[in-house]
Amino acid sequence: MIRTLAKSIREYKKPSILSPIFVSVEVILECLMPLVIMQFIAKISPTGDAATTDGVKMSTILTYGGILIAMALFSLLTGMLSGRFAARACAGFAKNLRKDMYYAIQDYSFANIDKFSTSSLVTRQTTDVTNVQMAYMMIIRVAIRCPLMLIFSLAMAFSVNVTISWVFLALVPVLAAVLVVIILKTHPVFERVFHKYDNMNRSVREDIKGIRVVKAFVREDYEKKKFENASEDVCKDFTLAERIMAINAPVMQFCIWLSFLLIFLIAALLTKSGTTVGEDQITVLIMYASQILSSVMQLSMVLVMIIIARTSAERIVAVLKEKSNIVSPENAVKEVKDGDIVFENVSFKYSNDAERNALEGVNLHIRSGQTIGILGGTGSSKSTLVNLIPRLYDTSEGAVYVGGVNVKEYDLETLRNKVAMVLQKNVLFSGTIKDNLRWGKEDATDDEMLRVCKLACADDFIQAFPDKYDTYIEQGGTNVSGGQKQRLCIARALLKDPKVLILDDSTSAVDTRTDAMIRKSFRDEIPNVTKIIIAQRVSSVQDADQIIVMDGGKINAVGTHEELLKNNAIYQEVYYSQNKGSDSAAEGGADHE
C-alpha cells in the first residue's frame, strides 16, 4: 500500500525530504536550550562563578540571553521552513493522488466501473484524499519531530540526572499502552464509517440529480428523513471513535503532572539522603518532562490521524490498483476496414459469480452498410449485445468481429472511434453546443457540425436559440429537452465519421415524425455506415434491412418486418399492442389469437 501511494509523491520528493531535515534541526535546538538555561542558572545562582560582582552578572545575563535568543530565532526559522516544505509536499501529494485516481478511472472498462459506486469514487477523491494528505503532513513533520524530541530529551535528561530520569522511562510505556488500545479500538470504527460516508454521499447525489422528480412527487420530507438517517449513522460512529480517542488527552495530562510530582519527590528523597539536586537541575528536568510527554501526546495525535488515514489509504489504493481488464494488445490493428459485424458463439455474463449468462449462444452476421433493428422486452440484453461491439465489455465465450477482425485485436481508440455509440443515458456536459459536438471530433469545422446536426434533425431547434451553436448547455443538459438532448448526442456520434453507428434506444424522446426523418436522412446520407437501432417502438425499426428479436439473452428471431409479423409471436405481440387502433391491427390480433 505504501509503495503504491509513494508513486504519487514524484516531483514533491525534495520538499518531502527537506521538511524532516529542518524539523530535525529545530528539535536539536529546542533540546539544547534547556541545557543552556541550566548553565545560565548555575552561573547566576548565589553560589555560582558569576555571583561575585554585578558587572559579571550582567555580562553573563547578556551573553546567555544572546545565545538563547539566537537559538530561539534559528529554531523558529527552521520550524517555519519545515512547515513551508511540508505544506508544499502534502498539497502536491494530494494533487497527484487525485490526478492518478482520476486517470485510473478514465482507463476503466465498464466491468471495472461496476465494482465502484459513483458516490464511493467521489468520496475517495475528496474526503479520503484529504485524510491521507493530513496524515502525510504529520508523518513528514510531526512524526519526525516527536520521536526525535523524545529521544533527545531523554538523552539530555539522563545527562542531567540519571536517577530522576527513570521517571520518564517508566511513564512512556504506560502512554504507549494507552495508544495501542486506542488504535485497536478505533480502526474498525473508521473502516465502518467510510462505507457509511459513501451511503450518505449517494443519498445527496441521488437527491440533487433527481430534484425535479422529488419536487414533482412532493417527496422532500422523505428525502430529508433519508439524509438525516444516513447523517445520523455517520455521526454515531464518529462520536464513538472520538469518545475512545478522548481518553488520550486526560491520560497524557495525568502523566505530565504525575511526572512533575515524582521529580520533586525523588529530588527531595535524594537531598534527604545526602545527594544534592540543584534547582537548576530540577528546572531543566521539568522542562524535559514537558518536552518528553508533550511529544508523546503529539505522537498520539499523529497515530490517530494515521488510523483514520489508513482506511482512506486502503480505499485509494483499491482504485489505483484496479486495472482495466480491457486493454489494447501489442501490435494492435489500427484500421477498421468496414462495418461488417459477426457474433460467433458469443456468451457473456457480467461477473464470474453470476449464476446465469446475460447473453447465450449468439450467432449473428451483420453486413456492412445494413440497417439493423433490435427489439425485445426489458432485460432481454439488447444493450448488452451492442456493448460488445466497441468492446465496452469482453465476451465470456466466443468472439465478436468488426471489419473481419476480432475486436480484441484492435487498438481500443481506433475501434471506438469507428464504432460510434449513443448510449441509453444521454449525457451532455457543461459548455456550448459546439463544445459538446466536438467530443465527436476535436477539430470539427462549423460546416461539419452543421451537416451532422441536419442529419440528426437538430439544426432547426439550434437555430431557434439566440446564440445558436454557441448556446451554453448547463451541466447534464438541463436547459434542453430530452428529445433535443438525444438529437445532439446523435449528431456528436456522427461527427466521428464511424463505420458502425449504434443507437441504443436513442430516439425514444423524439416524436415519430422526427424519428422517421432521422432514419430517412441516415438512409440517404450515410448508406455505407452500418446502423444498429435498439428501440421500443416497432415503427422505429420496421423499415430496417433485418430486425433482431431478443428474449432472455438469446436471439429469438431474425428477419424483415413482414417476415417477423408473419412468423414470430413476440414481434406480433409488440406490433399489435402498439397498433390497436387500426383495423388491420385488430384483424391481425384476431389471427394471432
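Below, all heavy atoms of this structure are taken into account, side chains as well, without hydrogens, waters or symmetry copies. Every value quoted in this text rests on a predicted model; they were computed, and no experiment measured them.
Of all non-hydrogen atoms in E30 and Q291, the two that sit nearest each other are O-NE2, 3.1 Å. Closest of all the heavy-atom pairs between N436 and G431 is ND2-O, 3.8 Å. The minimum heavy-atom distance between E26 and S75, with the atom names listed, is CG-OG, 3.4 Å. Residues V480 and I473 come closest through the heavy atom pair CG1-CD1, 3.9 Å. Taking all atoms of both residues into account, the shortest heavy-atom contact from P34 to V284 is O-CG2, 3.2 Å.
Remark: the backbone N or O of K349 is paired with a side-chain donor or acceptor of S396 at under 3.5 angstrom. Panel note: side chain R391, backbone V327; a donor-acceptor pair is recorded below 3.5 Å. At least one donor-acceptor pair under 3.5 Å links the side chain of Y108 to the backbone N or O of V319. A donor-acceptor pair under 3.5 Å is formed between the side chain of R141 and the backbone N or O of G79.
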- Item | L428 vs C489, side chain to side chain contact (heavy atoms under 4.5 Å, CB included): CA-CA, chis, key distance, verdict | CA-CA 8 Å; L428 294 176; C489 290; 3.9 Å; yes
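In summary, the side chains of T432 and D435 do present a donor paired with an acceptor at a separation below 3.5 Å, with no hydrogens or angles considered.
A salt bridge does not link E228 with K224: every distance from a Lys NZ or Arg NE/NH1/NH2 to an Asp or Glu carboxylate oxygen is 4.0 Å or more.
For E413, the CD atom sits in a loose shell: 12 or fewer heavy atoms of surrounding residues, nucleotides or ligands are nearer than 6.0 Å.
Each of K7, R10, K95 was checked for a side chain to side chain donor-acceptor pair (under 3.5 Å) with D100, and the lone residue meeting it is R10.
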